[in-house]
> 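Just dropping this structure here.
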There are 2 protein chains.
Amino acid sequence: MVSIISVAKAAGVSNKTVSRVINGEPHVTEETRERVEKAIRDLGYVPNMAARQIRSSRSNTFGIITDYVSTTPYSVDIVRGIQDWANANGKTILIANTVGSSEREATIWKMFQSHRIDGVLYVTMYRRIVDPAAGDVSIPTVMVNCRPQTAEDWPSIEPDDFQGAQDLTRHLLERGHRKIGYIRLNPILLGAELRLDAVRQTAREFGLADSDLSIRLGMEGPVGAEENYVFAAATEILQQRDRPTAIMSGNDEMAIQIYIAAMALGFRIPQDISIVGFDDFRTVSMALKPQLTTAALPYYDLGLQGAEWLNRVVAGDKIRPSRRVLACNLIERDSVCSV
Amino acid sequence: MVSIISVAKAAGVSNKTVSRVINGEPHVTEETRERVEKAIRDLGYVPNMAARQIRSSRSNTFGIITDYVSTTPYSVDIVRGIQDWANANGKTILIANTVGSSEREATIWKMFQSHRIDGVLYVTMYRRIVDPAAGDVSIPTVMVNCRPQTAEDWPSIEPDDFQGAQDLTRHLLERGHRKIGYIRLNPILLGAELRLDAVRQTAREFGLADSDLSIRLGMEGPVGAEENYVFAAATEILQQRDRPTAIMSGNDEMAIQIYIAAMALGFRIPQDISIVGFDDFRTVSMALKPQLTTAALPYYDLGLQGAEWLNRVVAGDKIRPSRRVLACNLIERDSVCSV
DNA sequence: TTGTAAGCGTTATCAG
DNA sequence: CTGATAACGCTTACAA
């Protein structure tokens, strides 16, 4: 492989001068610079990151450690956000998946160490509280879509499930819906409770009685192997005597079954029954007919801002507050109408 | 950071001996080994990959260059397969997305070079023929889910769309379906033609006339911004006088609209109309009610075997044939019944 | 403005 | 079986 020395020879200068040109340092004649640049081009020289790192002891690399994110369809946008930021800022990204194993997690931290990673983004697929097995390792870390169980040593950045569900509920209430069905997310998920609370609270603010809300459990059990009650729950809600005019789904995926349940009973969407989702998982929300009104999880921005934040932490900034929350914007499509 | 030298001092041996222990080389007394290992543990020593690489000139790193794969829900399993292999074999993975920009692609190849990557996995989200802008760079490469336009310099590994569609068609024909609707994938995709050909050919083999097949275009236009005719096409097919008893969908996602179209017309699935998908995109195929019978794209194995293959290429193996194809297995669920 | 020399943490070579 | 020493490609410190 062609090294800085061959370039120096070809250009008739010292290796240090080549280094200066490569790193855009000042104090190089325009003429020398051009000569060096020509030599670089002619020889096809590409700097060796490993050598650079070993000397400067900064790897310019961030690690992403995640449960399943990068291998699961749901939250890939977090990774995209991180990559875009890294890309724009000349950082390299290393991704590793724990797949839920804490043994594997320990291995990953070691691996990160051996690559002398500058910082870590700890990302989870579902928003949740975690207890990272970092062990003795101390690398600057920012948590994305999750937060630490114990002390707030590490900054975290999360979606605002509460506000998202609030907006969605208001959207319905402002369109005259006074009886609303809600099919709950798996209670294991942190978002489940927040979303449900928001629905309840907002309904109350608009003067609804608790009995105006038909709340049913949609899923239950360990993530990836849950029991699915959505279809049955939707069917039951829709067959009530004084049935709701709108159903809120714990997420977009569950909305598929609500659509099907509604149609099986002969209801038209949205004329007979309005439906909203949550997440804006587009493969579903845009494939449904009519397209689904939902609240978008700010995954891309979570990743982008998480990376940016980590960069600041690595640089030594002490940033407050150490917990940040990003809005879930309402995406209005065609599954809701006024009553 | 604690280096090999501090360990050597602590253990009272030379750096080379430490190196031997770390790399599991022979010719070290059991006793010496233990002393070194203790020192390593006590000091929390972790080898520096960059230093190792600089000396041995092998990075033990593979690069994944992809259009959108790792940032898009569809084919993340390819990446998972690669990561699992890498993980089991002590390789590091660098992922970069071109997002379709060939300018960006050139940058990525440079980046890979500067990390002295051992090999590249060129992965695409949809199966297609590509023309990699590797430029002058020559790193061992294996193509996954795609193949080169020109010479077959690079090995490729792809799903067998033809066989998958064939199995699906047979599955229907063997259950007595004699009139079949087919809603086509976007013709831009390589899989579209293969799947359609398989359907036509298989139907003919079973003695069906061309008129027994109702073939309609489901999508059209640039990927990511296509026109969607699925609902209309399904509705039209189902309203024919002598309507099909089964509809095959170009993929699982499109099947959502076929379900909805069928239900809107009052058909029950599968009693009145059987439906099959393609891909086994589980967020859809398992969320539908009844769950969708489909053919599974072998994404995980594509990744796993692609990585393994690349490893052999890097090691200098000349492997024939240079094009490999993996089966799309039929996944039988509940959306088909016999007539 | 440019060059020399040392050193980063490893592995390779070869001698003991 | 073990160790001294060179070498990898680069940056840093300092000298010219």
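Chain A is the first sequence line, chain B the second, and so forth, proteins listed ahead of strands; every chain is numbered from 1. For clarity, every value in this text was computed on a predicted model and none was experimentally measured.
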> If you find the nucleotide of DNA chain D closest to B:Thr17 and the one closest to B:Arg116, which residue's nucleotide is nearer the 5' end?
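The residue closer to the strand's 5' end, by nearest nucleotide, is B:Thr17.
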
> From CZ of A:Arg35 over to P of C:dT1, roughly how many Å is that when rounded to an integer?
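Rounding to the nearest Å, CZ of A:Arg35 and P of C:dT1 are 15 Å apart.
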
> Between A:Arg20 and B:Glu25, who's closer to the 5' end of DNA chain C by nearest nucleotide?
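It is A:Arg20 whose nearest nucleotide is closer to the 5' end.
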
> What is the distance from NE2 of A:His27 to P of D:dA13, rounded to the nearest Å?
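A:His27 atom NE2 is separated from D:dA13 atom P by 14 Å.
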
> Atom OH of A:Tyr45 to atom P of D:dG9: distance rounded to whole Å?
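Rounded to whole Å, this separation is 10 Å.
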
> Just to be sure I understand the rule, does A:Thr32 reach a base, reach only the sugar-phosphate, or reach nothing, if contact means heavy atoms closer than 4.0 Å?
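Sugar-phosphate contact only.
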
> Please tell me if B:Ser19 has a side-chain N or O lying less than 4.0 Å from either OP1 or OP2 of C:dT11.
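Checking C:dT11 against B:Ser19, a side-chain N or O does come within under 4.0 Å of OP1 or OP2.
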
> With distance as the sole criterion, is a donor-acceptor pair present between the side chains of A:Asp67 and A:Tyr126 under 3.5 Å?
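There is no such pair between these side chains.
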
> In whole angstrom, give the distance that lies between atom CD1 of A:Ile54 and atom C1' of D:dG9.
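Roughly 9 Å, once rounded to whole Å.
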
> Is the ring pair A:Trp109/A:Tyr122 parallel, tilted or perpendicular, if the boundaries are 30 and 60 degrees?
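Ring orientation of A:Trp109 relative to A:Tyr122: parallel.
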
> Take atom CD of A:Gln53 and atom P of D:dT12, then tell me their distance rounded to the nearest Å.
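Going from CD in A:Gln53 over to P in D:dT12 covers 13 Å.
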
> Examine distances only and state if a side-chain atom of B:Asn15 and a backbone atom of B:Ala8 form a donor-acceptor pair shorter than 3.5 Å.
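No, B:Asn15 side chain to B:Ala8 backbone: no donor-acceptor pair under 3.5 Å.
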
> CD1 of A:Ile5 versus P of C:dT4: gap in Å, rounded?
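Rounded to the whole Å, the gap is 12 Å.
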
> Rounding to a whole Å, what distance do you find between B:Lys16:NZ and C:dA12:P?
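B:Lys16 atom NZ is separated from C:dA12 atom P by 6 Å.
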
> Is there a donor N/O on one and an acceptor N/O on the other, under 3.5 Å, for the side chain of B:Arg55 and the base of C:dT10?
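Between C:dT10 and B:Arg55, which were checked side chain against base, a qualifying N/O pair under 3.5 Å is absent.
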
> Report which part of the nucleic acid B:Asn15 touches: base, sugar-phosphate, or nothing (heavy-atom distance under 4.0 Å, all strands).
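Result for B:Asn15 = base.
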
> Taking B:Arg35 for the side chain and B:Ala11 for the main chain, is one N or O donor matched with an acceptor at less than 3.5 Å?
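Here the side-chain-to-backbone pair exists.
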
> Which one, D:dT2, C:dT11, C:dT2, comes nearest to the side chain of B:Asn23?
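Given the options D:dT2, C:dT11, C:dT2, the side chain of B:Asn23 is closest to C:dT11.
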
> With heavy atoms under 4.0 Å as the rule, sort A:Val18 into base, sugar-phosphate or nothing.
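The residue A:Val18 makes no contact with any strand.
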
> Going by atom types alone, do B:Thr61 and B:His115 pair a side-chain donor with an acceptor below 3.5 Å?
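Looking only at side-chain atoms, B:His115 and B:Thr61 do not form any donor-acceptor pair under 3.5 Å.
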
> Could you state the atom-to-atom distance from CZ of B:Arg52 to C1' of C:dA12 in whole Å?
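Going from B:Arg52 (CZ) to C:dA12 (C1'), I get 14 Å.
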
> What nucleotide among C:dT2, D:dG3, C:dG9 has an atom nearest to a side-chain atom of B:Ala51?
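Selected nucleotide (nearest to the side chain): C:dG9.
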
